[in-house]
Peer 1: 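Supplied in structure tokens, the structure appears directly below.
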Amino acid sequence: MTTPADPPGHPLTADQHRLWFLQQLDPADTAYHLYLAHRWRGPLDPDALHTALDGLAARHDILRTRFPLIGDHPRQIVHPPGPVDLAVHRIPPGATDTDLTEAVAPYVNRPFDLTT
């Protein structure tokens, strides 16, 4: 039970705190980034993909959670479900795996800020 004096959000789990702490040491680190690039054959319906990702984020709180510093401690803030920011890039037919890797590199190599 919380009282009016309690900060908003919830305490971080031990694993969440470890990730938060490591990010504070090196904000540019991308060691924990996991990504998947998939080559679809045939037409892709971006609206259907967006709907599926919105549903996934709505079911899994951690995909809507940030860890801001409140007072002296990081806290878990879970945001309500909303639309997922989805970028769709069309790769021309005949593109190589190297072309695909280069297309996703700006996203994979961008630091992920757990506070936001």
Peer 1: As an exercise, state the distance from CG of D85 to NE2 of H50, rounded to the nearest 0.5 Å.
Peer 2: 7.0 Å
Peer 1: Would you say R64's side chain and V78's backbone share a donor-acceptor pair under 3.5 angstrom?
Peer 2: no
Peer 1: Donor-acceptor pair, T96 side chain versus D99 backbone, under 3.5 Å?
Peer 2: yes
Peer 1: Is H73 atom NE2 crowded by more than 12 heavy atoms from other residues, nucleotides or ligands, each under 6.0 Å away?
Peer 2: no
Peer 1: So, T51 versus D54: side-chain donor-acceptor pair below 3.5 Å or not?
Peer 2: no
Peer 1: Which distance, rounded to the nearest 0.5 Å, do you find between the CG of D26 and the CD of Q24?
Peer 2: 10.5 Å
Peer 1: Is there a side-chain contact between T115 and R66 (heavy atoms, below 4.5 Å)?
Peer 2: no
Peer 1: To the nearest 0.5 Å, what is the distance between CG on L12 and CG on D15?
Peer 2: 10.0 Å
Peer 1: Roughly how far apart are D29 CG and F112 CZ, rounded to 0.5 Å?
Peer 2: 13.5 Å
Peer 1: Please round to the nearest 0.5 Å and tell me the distance separating atom CD1 of I70 and atom CD of Q76.
Peer 2: 11.0 Å
Peer 1: So which atom in F67 and which in P74 form the shortest heavy-atom distance, rounded to 0.1 Å?
Peer 2: O-CB, 4.4 Å
Peer 1: Check for me, please, whether L53 and Y107 land in the same ILVMFWY cluster - side-chain distances under 4.5 Å, paths through other members count.
Peer 2: no
Peer 1: Nearest 0.5 Å please: distance from the CD atom of Q16 over to the CD1 atom of I62.
Peer 2: 4.5 Å
Peer 1: Quick one: does Y32's side chain get under 4.5 Å of L22's, heavy atoms only?
Peer 2: yes
Peer 1: Does any part of the side chain of R75, heavy atoms only, come nearer than 4.5 Å to the side chain of P8, both counted from C-beta?
Peer 2: no
Peer 1: L63 versus L56: any side-chain heavy-atom pair under 4.5 Å?
Peer 2: yes
Peer 1: Report yes if some heavy atom in the side chain of D113 is under 4.5 Å from a heavy atom in the side chain of Q23; otherwise report no.
Peer 2: yes
Peer 1: Given side-chain contact (heavy atoms from CB on, under 4.5 Å), test I77 with T65 step by step and report yes or no.
Peer 2: CA-CA 5 Å; I77 305 292; T65 301; 6.0 Å; no
Peer 1: Are L86 and L49 close enough that some pair of their side-chain heavy atoms sits under 4.5 Å apart?
Peer 2: yes
Peer 1: Using 30° and 60° as the class boundaries, would you call the ring planes of W20 and H17 parallel, tilted or perpendicular?
Peer 2: tilted
Peer 1: If every non-hydrogen atom of P81 is compared with every non-hydrogen atom of A58, which pair is closest and at what distance?
Peer 2: CB-CB, 3.9 Å
